[in-house]
Amino acid sequence: MSTALDLARDGTRDETKDGATDETNTFRGEYQQALRLIERLHRLLLDVIKDEFDRNGGADLNSVQALLLYNIGDGELTAGELKTRGYYLGSNVSYNLKKLVDMGYIHYKRSETDRRSVRVSLSKKGKEACDIVQGLYERQMGSIEAVGEIREDDVHDLNRALVRLERFWSDQIRYRL
């Protein structure tokens with residue numbers, strides 16, 4: 001990951017035949033690299049979470065389910081809210097919620113106002129799994145600057161750029177741009 005940050009900080013530009021900088025070519029390459037990194041980093045995060053659960057004896061959970069539990073946290077949500085907040089595919093959420101209920105990680109109850117809707121919250125076992133993910137993140141916070149060479153302002157700038165990218169992509173869908 002440090003290599004990716006070095007590339008991002010380097011700011012090197014592609015040159016045309018006459019030695020001039022070709023901003024368009026560089027931006028296209030940087031954007032495509034960012035897309036690949038976003039996809040690869042999400043898969044890598046899931047691998048890191050799975051590895052943490054394998055080391056802690058929680059091999060019955062997959063990483064998507066563990067992240068789902070973490071995102072539920074102390075809340076009581078519907079599958080629709082999870083889909084909206086966690087950006088999960090609808091069938092993925094429904095499938096994983098059913099598996100998590102069957103494995104005893106989640107409590108569910110029918111909504112009193114809309115009987116079709118189910119509200120979910122973590123069981124004791126679910127809270128323990130959530131704590132494992134929280135512990136992983138806390139441990140990473142203790143070494144990300146020293147080992148990963150990632151400073152707070154790097155993360156702040158990254159978050160700002162990702163929020164803008166999210167808004168851009170949302171607008172692409174919403175306004176069919």
Side-chain angles (χ1 to χ4, degrees), residues 1 4 33-145 147-148 150 152 155-156 158-176:
M1 174 129 157
Q33 180 183 9
L35 296 177
R36 286 189 298 272
L37 281 169
I38 290 167
E39 183 181 5
R40 195 167 68 218
L41 288 171
H42 179 67
R43 283 193 309 261
L44 194 54
L45 172 63
L46 293 176
D47 289 345
V48 167
I49 291 170
K50 180 62 177 159
D51 183 62
E52 185 72 8
F53 275 87
D54 288 347
R55 281 190 266 140
N56 284 288
D60 60 331
L61 274 181
N62 68 40
S63 53
V64 172
Q65 292 165 342
L67 200 53
L68 189 60
L69 292 172
Y70 180 78
N71 287 328
I72 293 170
D74 291 330
E76 185 179 282
L77 307 168
T78 66
E81 289 170 327
L82 281 170
K83 188 177 108 173
T84 303
R85 293 179 188 184
Y87 307 101
Y88 300 98
L89 297 174
S91 61
N92 190 1
V93 170
S94 298
Y95 170 80
N96 281 311
L97 285 177
K98 182 179 180 333
K99 296 292 281 183
L100 290 167
V101 167
D102 292 346
M103 292 187 292
Y105 286 95
I106 288 183
H107 297 298
Y108 72 98
K109 66 178 179 178
R110 293 246 174 244
S111 171
E112 293 178 13
T113 56
D114 181 358
R115 301 302 294 165
R116 296 168 296 170
S117 181
V118 175
R119 301 201 60 78
V120 297
S121 61
L122 300 184
S123 67
K124 183 176 185 287
K125 189 175 176 183
K127 288 178 183 173
E128 290 169 358
C130 183
D131 290 344
I132 290 173
V133 176
Q134 182 63 41
L136 167 67
Y137 290 165
E138 291 296 324
R139 196 172 70 245
Q140 288 177 343
M141 289 298 301
S143 64
I144 196 166
E145 191 166 2
V147 177
I150 302 169
E152 182 178 347
V155 176
H156 175 76
L158 174 65
N159 287 339
R160 260 187 39 215
L162 289 173
V163 164
R164 289 178 183 160
L165 184 58
E166 178 185 34
R167 188 177 320 125
F168 173 75
W169 285 347
S170 294
D171 288 350
Q172 295 293 301
I173 295 166
R174 183 179 299 120
Y175 303 114
R176 298 180 179 209

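Residues take their numbers from the sequence shown, with the count starting at 1. What's counted below: heavy atoms across the whole structure, side chains too, no hydrogens, waters or symmetry copies.
- Using a 4.5 Å cut-off on side-chain heavy atoms (C-beta onward), Leu68 and Val64 make no contact.
- Looking only at side-chain heavy atoms (C-beta outward), Val118 and Leu97 stay at 4.5 Å or farther from each other.
- At a threshold of 4.5 Å between non-hydrogen side-chain atoms, the residues Gln33 and Leu37 count as touching.
- Under 3.5 Å, the side chains of Tyr105 and Gln65 contain no donor-acceptor pair of N or O atoms.
- Ser123 and Gly104 get closest at one heavy-atom pair: OG-O, 2.5 Å.
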**OP:** For Asp47 and Arg43, run salt bridge (Lys or Arg N to Asp or Glu O under 4.0 Å): C-alpha distance rounded to whole Å, both residues' side-chain angles, the deciding distance at 0.1 Å, then the answer.
**Re:** CA-CA 6 Å; Asp47 289 345; Arg43 283 193 309 261; over 6 Å; no
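- Using a 4.0 Å cut-off between charged nitrogen and carboxylate oxygen, Asp51 and Arg55 count as a salt-bridge pair.
- Side-chain contact between Arg119 and Arg110 is absent, with no heavy-atom pair separated by less than 4.5 Å.
- Between the side chain of Lys50 and the backbone N or O of Leu61 there is at least one donor-acceptor pair closer than 3.5 Å.
- Salt-bridge annotation for Lys127 and Asp131: absent, with no side-chain N of the basic residue lying under 4.0 Å from a carboxylate O of the acidic one.
- Checked by atom type and distance alone, the side chain of Ser63 never pairs as donor or acceptor with a backbone atom of Ile49 at under 3.5 Å.
- Two residues are said to be in side-chain contact when any heavy atoms from C-beta on lie closer than 4.5 Å; Asn96 and Asn62 meet this criterion.
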**OP:** Given side-chain contact (heavy atoms from CB on, under 4.5 Å), test Asp171 with Arg167 step by step and report yes or no.
**Re:** CA-CA 6 Å; Asp171 288 350; Arg167 188 177 320 125; 4.1 Å; yes
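- Other residues, nucleotides and ligands contribute at most 12 non-hydrogen atoms within 6.0 Å of the CD atom of Glu152.
- To the nearest 0.5 Å, atom CD of residue Gln140 and atom CD1 of residue Ile150 are 9.5 Å apart.
- Asp60 and Met103 make their closest contact through O-SD, 3.6 Å (heavy atoms, listed as atom of the first residue, atom of the second, distance).
- Going from atom OG of Ser117 over to atom CD of Glu81 covers 7.5 Å, rounded to the nearest 0.5 Å.
- Taking CG from Leu67 and CG from Leu46, the interatomic distance works out to 6.5 Å, rounded to the nearest 0.5 Å.
- Remark: Lys109 NZ to His107 NE2 distance equals 11.0 Å, nearest 0.5 Å.
- In this structure the side chain of Val120 never reaches within 4.5 angstrom of the side chain of Leu100, judged on heavy atoms.
- The distance from atom OH of Tyr70 to atom CG of Leu122, rounded to the nearest 0.5 Å, is 12.0 Å.
- Side-chain contact between Glu52 and Ile132 is present, with heavy atoms from C-beta onward closer than 4.5 Å.
- Atom CG of Asp74 is surrounded by 12 or fewer heavy atoms from other residues, nucleotides or ligands within 6.0 Å.
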